[in-house]
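Chain identifiers are assigned alphabetically (A, B, ...) following the order of the sequence lines, protein sequences preceding nucleic acid strands; residue numbering begins at 1 within each chain. Remember, it's a predicted structure, so these values are computed and weren't measured experimentally.
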Amino acid sequence: MPAGKKSVKVKTPNGKEAELSPEKVWLLAPKGRKGVKIGLFKDPESGKYFRHKLPDDYPM
DNA sequence: ATAATTGT
DNA sequence: ACAATTAT
């Protein structure tokens, strides 16, 4: 797989587990802190967008 | 303009 | 409270 399009197991807004690839990935971190990686996903069931934490080692 | 996302 | 992002 091309780097940067890996899928992740995430909890959708409907409470279902799904293996999805984020449309966007970024680091959410205050200055001087580690923060968390966040992905923007679209739930294929509902079509709703949602944000979810990514593993710290998720490729950016 | 706001909600929502995590961890410190 | 703070950080970035963007669909709503």
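- Considering every non-hydrogen atom in both A:A29 and A:G35, the closest pair reads CB-CA, 3.6 Å.
- If A:R33 and A:W26 are placed on DNA chain B by their nearest nucleotide, the residue sitting closer to the 5' end is A:W26.
- A:L27 places its CG atom 14 Å from the P atom of C:dT6, with the value rounded to the nearest Å.
- When rounded to the nearest whole Å, the span between CG of A:L28 and C1' of C:dA3 equals 5 Å.
- Nearest heavy-atom pair across A:K53 and A:I38 is CA-CD1, 4.2 Å.
- Under a 4.0 Å N-O distance rule, the pair A:D56/A:K34 qualifies as a salt bridge.
- Distance OH (A:Y49) to P (C:dT6): 11 Å, rounded to an integer number of Å.
- The heavy-atom pair separating A:S21 from A:K5 by the smallest distance is OG-O, 3.3 Å.
- The span of DNA chain B lying next to chain A, judged by atoms under 4.0 Å from heavy atoms, is bounded 5' to 3' by B:dA4 to B:dT8.
- As rounded to whole Å, 15 Å separates atom C1' of C:dA3 from atom NZ of A:K34.
- One can place NZ of A:K31 at 9 Å from C1' of C:dA3, the figure rounded to the nearest angstrom.
- Between A:F41 and A:H52, the angle of the ring planes goes over 60°, which puts this pair in the perpendicular group of the 30/60° scheme.
- What separates NZ of A:K37 from C1' of C:dA4 is a distance of 15 Å, to the nearest Å.
- No donor-acceptor contact under 3.5 angstrom links the side chains of A:K37 and A:Y58, judged on distance only.
- One atom, CD1 of A:I38, and another, P of C:dA7, lie 16 Å apart when rounded to the nearest Å.
- When heavy atoms are screened at a 4.0 angstrom cut-off, A:L40 is found touching the sugar-phosphate backbone but no base atom.
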